[in-house]
Amino acid sequence: MKTYKNIDLTIKSAFVQKYRDGYPLISKESISDLSKIKDEGVILNLLDSKGKFIAKGYHGIQNKGFGWVLSLDKNEQIDKDYFAKKIKIALTCRDDFFNSKHTTAFRVFNGEGDGIGGLSIDYFDGYYMLTWYSKGIYEFKDDILEALKLHTRYKGIYEKKRFDIKGMYLNNEDDFVCGEKADTPIIVKENDVNFAIYLDDGAMVGVFLDQRDVRYAIKEKYANGKTMLNTFSYTGAFSLFASLGGATKTTSVDLAKRSRPKTGEQFSINNIDPKTQDIIVEDVFNYFKYALRKKLLFNLVVLDPPSFARSKKHTFSVSKDYVKLLKEAIQITSKHGVIVASTNSANFDMKTFRGFITKAFKELDGKFEIKQSHTLPKDFKVNPKFKEGNYLKVIFIKKLF
Ligand code: SAH
């Protein structure tokens, strides 16, 4: 059995209790003898100043930190059996998803929520997609892969490497790992709706699985008879669900040229003629100006910006600019229309996000009512000791003026 190199590290006293209480993210600031650490993927035994065991983890550099705790048990070895056990438990937790005939795409392993920070595994109708968030976690690849193969019936396995500090995708020649190669695209189902998924076509595969419950709510409760504007639309997943839920017309706006064919494809594979919908390649901020000038009004507006984006004219950062974005959206939402405000930024919590909404409406002298809100769905398991891991925040807001 492969053994991993271990080193003992002393934790500064101010941080000891936090780790003892189960906080999983290892920070650089908490370590006294940093110079001992050289290679990512090394097992770190965290000790207090008296040399007493606190926790063990591994060294992996991510924008979020310096490594992740793997166990609070001194006697637990970090080896093949350890990884196999964690993966097996995670798979069992998703039994309902595996048994569903309606949904064939979901997350089977969600980083620290399933006990191993820095790794996620998604399932797409028989194919598994591993995402490695640091060089450190990638050192355990052989054991993790073996565990996955042992405990699943897979058609094929793919991987994405997001190693650098900003978590950017490393452009590989090939993301295929083993098994059968997948069709390009494969068609998966989410609540009986088809999605085209490309497992080997850059950083993103075509859908963000964490928005499943939001898409369902839009389709079931908010779309019927409504006009919809979907901003930062990517492959138009929200538009598709709105259309299937009875929206009279959807307008999808995204800066990326690929969004037009990709959105068209998602409509087509669900028997909706893309020509009946508007798919616009443009900077959302320009589109807002245009819509305001033309006095366009929509009954349902989705805002789902990336946490940070740079276009030719604008640099957008969610924490600085969300209020502005909301104000633009409010002005082109009809009376009693609904805005779906979403963010995946881990830099602020739900309370702060609600604060942005209050501020935006106040500045426009308008009233609103919150209809419902969402955080991560249940396959995106969250570690209760790591609240920032529950990064998704989505609020359905009814405009009352
Ligand atoms: N809402 C999408 C996911 C959004 S991903 C979904 O549910 O699938 C973020 C998208 O924002 C990317 O497709 C990116 O091209 C787009 N984007 C970033 N900055 C933009 C801008 N200024 N105007 C329009 N689109 C932008």
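Atoms within each ligand, like the ligands themselves, are counted from 1 in listed order.
Of the protein's non-hydrogen atoms, the one nearest atom 19 (N) of ligand 1 is Ala309 CB, 3.6 Å. Residue, atom and distance of the protein heavy atom nearest to atom 17 (N) of ligand 1 are Phe232 CD2, 3.7 Å. Nearest non-hydrogen protein atom to atom 8 (O) of ligand 1 is Tyr234 CD2, 3.4 Å. For atom 25 (N) of ligand 1, the closest non-hydrogen atom on the protein side is Leu255 N, 3.1 Å.
Using modelled atom types and a 3.5 Å distance limit, the side chains of Ser239 and Ser252 yield a donor-acceptor pair. In summary, the side chains of Trp132 and Glu159 do present a donor paired with an acceptor at a separation below 3.5 Å, with no hydrogens or angles considered. Between Ser134 and Gln62, the side chains place no donor N or O within less than 3.5 Å of an acceptor N or O (distance only, hydrogens not considered). Under 3.5 Å, the side chains of Ser30 and Tyr19 contain a donor-acceptor pair of N or O atoms.
Residue contacts with ligand 1, taken as heavy atom pairs separated by less than 4.0 Å, involve Glu282 solely via the backbone atoms N, CA, C and O. At a heavy-atom distance under 4.0 Å, only side-chain atoms of Phe238, from C-beta outward, approach ligand 1. At a heavy-atom cutoff of 4.0 Å, ligand 1 is contacted by the side chain of Phe208 but not by its backbone.
Within the 4.0 Å heavy-atom cutoff, Asp283 counts among the residues contacting ligand 1. For Pro306, the heavy-atom gap to ligand 1 drops under 4.0 angstrom.
Within the cation-pi definition used here (under 6.0 Å to the ring centroid, within 45° of the axis), Lys327 does not qualify as a partner of Phe288.
Classification of the Phe285-Phe316 ring pair by plane angle, with boundaries at 30° and 60°, yields tilted.
Aromatic pair Phe368/Phe361: centroids less than 6.0 angstrom apart.
Among Thr263, Asp254, Asp304, the residue whose heavy atom lies closest to atom 14 (C) of ligand 1 is Asp254.
We find that Asp174 and Lys181 are joined by a salt bridge, their nearest charged nitrogen and carboxylate oxygen being less than 4.0 Å apart.
Those atoms of ligand 1 with a heavy atom of Arg258 less than 4.0 angstrom away are 12 (C), 13 (O), 15 (O).
Any N or O atom pair closer than 3.5 Å counts here, and Val284 shares at least one such pair with ligand 1.
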